[in-house]
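Note on naming: letters A, B, ... go to the chains in the order of the sequence lines (proteins, then strands), and numbering restarts at 1 for each one.
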Amino acid sequence: MIDLKYIRANPDVVRNAIVNKNEKADLDLLLVTDEKRRKLQYDFDQLKARQNSVSQIIAQKKRAREDASEELARMAKVAEEIKAIQADLNAVNTEVEARLLTIPNIPHPSVPIGRDESLNEVIRHEGEAPRFDFEPKDHLDIANMNQMLDLSRGAKISGSGFPIYTGFGAKMERALINYMLEYHLQKHGYTELMVPLVVNRKTMTGTGQLPKLEDDMYHISEDDLFLIPTAEVPVTNIYADEVLSYKDLPQKYVAYTPCFRREAGSYGKDTRGLQRLHQFNKVEMVRFVEPENSEAALEEMLHDAEDILKAFGLHYRVVSLCTGDLSFASEKTYDLEVWAAGSGKYLEVSSVSNFGEFQARRANIRYKDADGKMRHPHTLNGSGLATPRLMIALLESYQHADGSLRIPDVLKPWMELKV
RNA sequence: GGAGAGGUGACCGAGCUGGCUUAAGGUGCACGCCUGCUAAGCGUGUGUAGGUCAAAAGCCUACCGAGGGUUCGAAUCCCUCCCUCUCCGCCA
């Protein structure tokens with residue numbers, strides 16, 4: 001969330017951010033409520049101060065065995081007033097907090113302004129698109145010819161969007177995950193975490209998925225728990241309500257998890273094969289850094305994610321999301337879109353974002369800097385990468401005319417591990 | 001799921017027969033002193049949040065897991081909930 005003091009001082013900046021991000025938050029109502037809150041807080045403080053000082057007098061008199069009944073009678077009234085104001089104050093505080101949680105993060109000045117993804121900015125292209133002397137097939141055909149997927153049985157046991165990887169397909173999926181994990185561990189210096197796949201409401205609020213995106217998540221109502229839509233949620237929240245030292249920063253974590261998304265409202269859109277799933281695997285990178293380092297960290301993470309695509313020899317492009325496509329909590333986001341040679345389009349395989357202090361403030365993650373000042377670290381995360389569309393690109397890029405598949409050299413050792 | 005113990009400031013830890021404690025003491029941290037260097041020692045300072053102020057200082061208020069209650073007054077008493085640990089039960 002955004003610092004309320006900042007909002008008071010820069011309402012127009014925040015108002016613009018809300019408009020540019022296509023959000024509906026009511027800023028004026030927040031400001032009015034906040035004003036009310038401060039007024040109540042002032043009255044409350046005044047009364048409390050009086051109560052405290054008279055209480056001291058009562059204590060002294062009692063110790064000296066003097067009569068304090070006059071003070072007691074006066075304070076009985078004050079106590080009642082305080083109780084009444086306290087009730088109002090609690091209600092207003094709750095309201096301010098709730099409204100504050102609906103204010104999105106402010107886009108970085110370098111983010112292009114635009115209402116939807118059509119105004120995203122393609123920054124550069126990397127790698128070569130493969131050429132074929134035959135008509136390339138799409139990934140689902142290749143997968144079927146090589147018996148790598150069983151989508152209909154997945155649909156039978158769970159529903160559409162829950163894939164079964166079979167035999168060789170399962171092995172390749174697992175090899176991808178292991179390869180990417182080890183790559184980030186060994187070449188980029190991340191620390192691996194294995195985290196819960198189910199989190200509570202507070203955790204979902206900390207990273208900004210709640211309250212806005214509740215309908216997009218699987219919810220276990222009996223325990224009020226949510227299946228994670230990304231490892232970003234549990235990993236970023238590991239330091240919630242904690243105070244770190246500047247010496248602890250930066251922190252770099254990588255975690256593999258399945259991800260669960262209801263994809264509410266997107267039925268029928270790009271659903272063929274592995275394009276859009278309710279459950280998928282993803283290796284995720286998360287960083288906690290000092291504020292002055294977050295912009296550099298974003299560029300670094302982008303390259304960390306790109307290294308995987310380069311290692312696989314895939315063609316892709318880097319896109320800077322415009323304000324309208326930026327997520328609620330993000331300050332700036334790069335998407336990596338890999339070229340699907342058979343389908344002839346670019347598919348998002350990674351999203352790398354800088355959240356500034358937005359998430360840290362929500363999750364109450366703080367650190368003491370070298371001057372002993374309490375500050376919020378900046379948080380970042382990036383997919384490195386999500387497997388389904390990576391798999392699509394690999395199947396379509398490395399297919400032979402007869403439908404058989406070439407395994408990229410870097411992946412071979414991971415497919416041939418001996419027991 | 002059942003029984004018991006416990007949750008105090010960055011950390012450890014006293015207080016818990018309600019009012020000279022608006023949290024002792026220690027560690028850590030910062031600065032200074034001392035000593036060839038290091039270690040040790042000595043001194044001073046050091047919480048977070050909100051408010052007031054142009055700003056700082058100062059002052060006021062809140063915060064002892066969370067929320068409610070009793071009381072003029074709650075870290076301290078009562079209730080509800082959450083979490084941790086130990087034991088039992090169930091279980092991969």
Heavy atoms only, 4.0 Å cut-off, all strands: where does [X] land among base, sugar-phosphate and nothing?
{"X": "A/R74", "result": "nothing"}
{"X": "A/N93", "result": "nothing"}
{"X": "A/K62", "result": "base"}
{"X": "A/R37", "result": "sugar-phosphate"}
{"X": "A/K61", "result": "nothing"}

Please state the [atom1] separation for the pair [N] and [M] - nearest whole angstrom.
{"N": "B/A54", "M": "B/U70", "atom1": "P", "value": "40 Å"}
{"N": "B/G26", "M": "B/A66", "atom1": "P", "value": "26 Å"}
{"N": "B/A23", "M": "B/C31", "atom1": "C1'", "value": "26 Å"}
{"N": "B/U27", "M": "B/G7", "atom1": "P", "value": "23 Å"}
{"N": "B/G67", "M": "B/G9", "atom1": "P", "value": "15 Å"}

Answer yes or no: does a side-chain N or O of [X] lie under 4.0 Å from OP1 or OP2 of [N]?
{"X": "A/Q51", "N": "B/C72", "answer": "no"}
{"X": "A/K48", "N": "B/C60", "answer": "no"}
{"X": "A/N200", "N": "B/C83", "answer": "no"}

Nucleotide forming a Watson-Crick or wobble pair with [N], both distances under 3.5 Å:
{"N": "B/C59", "result": "B/G51"}
{"N": "B/A66", "result": "B/U80"}
{"N": "B/G1", "result": "B/C88"}
{"N": "B/G25", "result": "B/C12"}

Nearest-neighbour nucleotide for the [X] side chain, [options] considered:
{"X": "A/K83", "options": "B/U61, B/C72, B/U70", "value": "B/U70"}
{"X": "A/S55", "options": "B/C72, B/G68, B/U70", "value": "B/C72"}
{"X": "A/D45", "options": "B/A10, B/G50, B/G19", "value": "B/G50"}
{"X": "A/R63", "options": "B/G19, B/G50, B/G68", "value": "B/G19"}
{"X": "A/N90", "options": "B/G68, B/C60, B/U70", "value": "B/G68"}
{"X": "A/N52", "options": "B/A49, B/C72, B/U61", "value": "B/U61"}

query: Whole-Å distance between B/C72 P and A/E70 CD?
result: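 Checked: the CD to P distance equals 15 Å.
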
- request: In whole angstrom, give the distance that lies between atom NZ of A/K77 and atom P of B/G73.
  value: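 That distance rounds to 15 Å.
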
Within the side chain of [X], is there an N or O that forms a donor-acceptor pair under 3.5 Å with the backbone of [Y]?
{"X": "A/N146", "Y": "A/I142", "value": "yes"}
{"X": "A/H188", "Y": "A/Y190", "value": "no"}
{"X": "A/S343", "Y": "A/A340", "value": "no"}
{"X": "A/H278", "Y": "A/G161", "value": "no"}
{"X": "A/R389", "Y": "A/Q275", "value": "yes"}

query: Given the rule in the ring-ring contact (aromatic ring centres under 6.0 Å, His included) test, do A/F355 and A/H378 qualify, once you have shown the distances and angles that lead to the verdict?
result: CA-CA 7 Å; A/F355 299 92; A/H378 283 193; over 10 Å; no

- request: Kindly state which residues belonging to residues 357-368 of chain A come within less than 4.0 angstrom of RNA chain B, counting heavy atoms of the residue only, listed by number.
  value: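 Contacting residues: A/R366.
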
task: May I ask you to list the residues of residues 1-12 of chain A, by number, that have any heavy atom positioned under 4.0 Å from an atom of RNA chain B?
output: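 Within this stretch, A/K5, A/R8 sit under 4.0 Å of the strand.
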
field: Stepwise salt bridge (Lys or Arg N to Asp or Glu O under 4.0 Å) check, A/E214 with A/R201
entry: CA-CA 10 Å; A/E214 181 147 9; A/R201 190 169 282 277; 3.2 Å; yes

task: Check whether the ring centres of A/Y239 and A/F288 lie less than 6.0 Å apart, and answer yes or no.
output: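 They qualify: ring centres under 6.0 Å apart.
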
message: Heavy-atom count check: over 12 atoms from other residues, nucleotides or ligands less than 6.0 Å from A/E80 CD?
response: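 Not buried by this count: 12 neighbours or fewer within 6.0 Å.
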
message: Going by side chain to side chain donor-acceptor pair (under 3.5 Å), name the residues that satisfy it together with A/N237, two or more places apart in sequence or in a different chain.
response: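 Side chain to side chain donor-acceptor pair (under 3.5 Å) check on A/N237 returns nothing, list empty.
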
- prompt: Picking from A/L31, A/V19, A/I7, what satisfies side-chain contact (heavy atoms from CB on, under 4.5 Å) with A/V14?
  reply: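 Exactly one candidate clears the test, A/I7.
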
